[in-house]
Amino acid sequence: MTSTQPLPRGISALIPNAHAQATPGELAAAQLLHLRSATVPVPVLAAAAALIAPQLEDPDPATREAADAVRTHLLAAIEDAPPGR
C-alpha cells in the first residue's frame, strides 16, 4: 500500500487485501527484476537510455530506483558493445 492511498478503517483494516494498487514504480521494478538479457543494436540501447532518463526525477522512489538501475545497465551495455554493433 502506498502513502497516497487512504488507510483502511474498521474491520477492513484487519482483512488482507490482495488488490492493493501498486504505484507505476513498483510495477516497473517488479517487471524489470525479471529482465536478464537482451540483444539489440547499440542505437536502440542509447535511445532507451535517453527515454528512461526523465524517470530519474520521478517523485516515486521505486520508479527512480528502477530507472537508475535500468539506465546503468543500458549505459554499461553501450560501453561494453563491440565496435560496429
Side-chain angles (χ1 to χ4, degrees):
M1 186 171 291
T2 64
S3 61
T4 59
Q5 297 173 335
L7 294 174
R9 297 182 183 270
I11 189 77
S12 62
L14 302 173
I15 301 170
N17 183 355
H19 300 290
Q21 284 189 323
T23 66
E26 290 167 337
L27 291 173
Q31 292 169 348
L32 293 171
L33 285 174
H34 298 288
L35 180 63
R36 294 292 177 241
S37 66
T39 302
V40 295
V42 169
V44 173
L45 295 174
L51 287 172
I52 203 165
Q55 301 307 315
L56 298 171
E57 304 298 324
D58 194 275
D60 178 36
T63 299
R64 287 193 310 268
E65 184 179 336
D68 183 50
V70 169
R71 187 168 179 269
T72 299
H73 286 296
L74 290 170
L75 295 176
I78 291 169
E79 287 186 21
D80 295 341
R85 183 155 170 247

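As the structure is a computational prediction, the values presented were derived from the model and not from experiment. Heads up: numbering here begins at 1 and tracks the sequence. All values below come from the heavy atoms of this structure, side chains included, with hydrogens, waters and symmetry mates left out.
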Nearest non-hydrogen partners of [X] and [Y], listed with the distance:
X: Ile52; Y: Arg71; result: CG2-CB, 3.8 Å
X: Ala49; Y: Leu75; result: CB-CD2, 4.1 Å
X: Leu56; Y: Ala67; result: CD2-C, 3.8 Å
X: Arg64; Y: Asp58; result: NH1-O, 2.7 Å

Inset, instruction - Verify the neighbour count for atom CD of Glu65: are there more than 12 heavy atoms of other residues, nucleotides or ligands below 6.0 Å? - result: no
Legend entry - Connected via hydrophobic side-chain network under 4.5 Å: Val44 and Ile78: yes
Inset, instruction - Please round to the nearest 0.5 Å and tell me the distance separating atom NE2 of His73 and atom CG of Asp80. - result: 12.0 Å
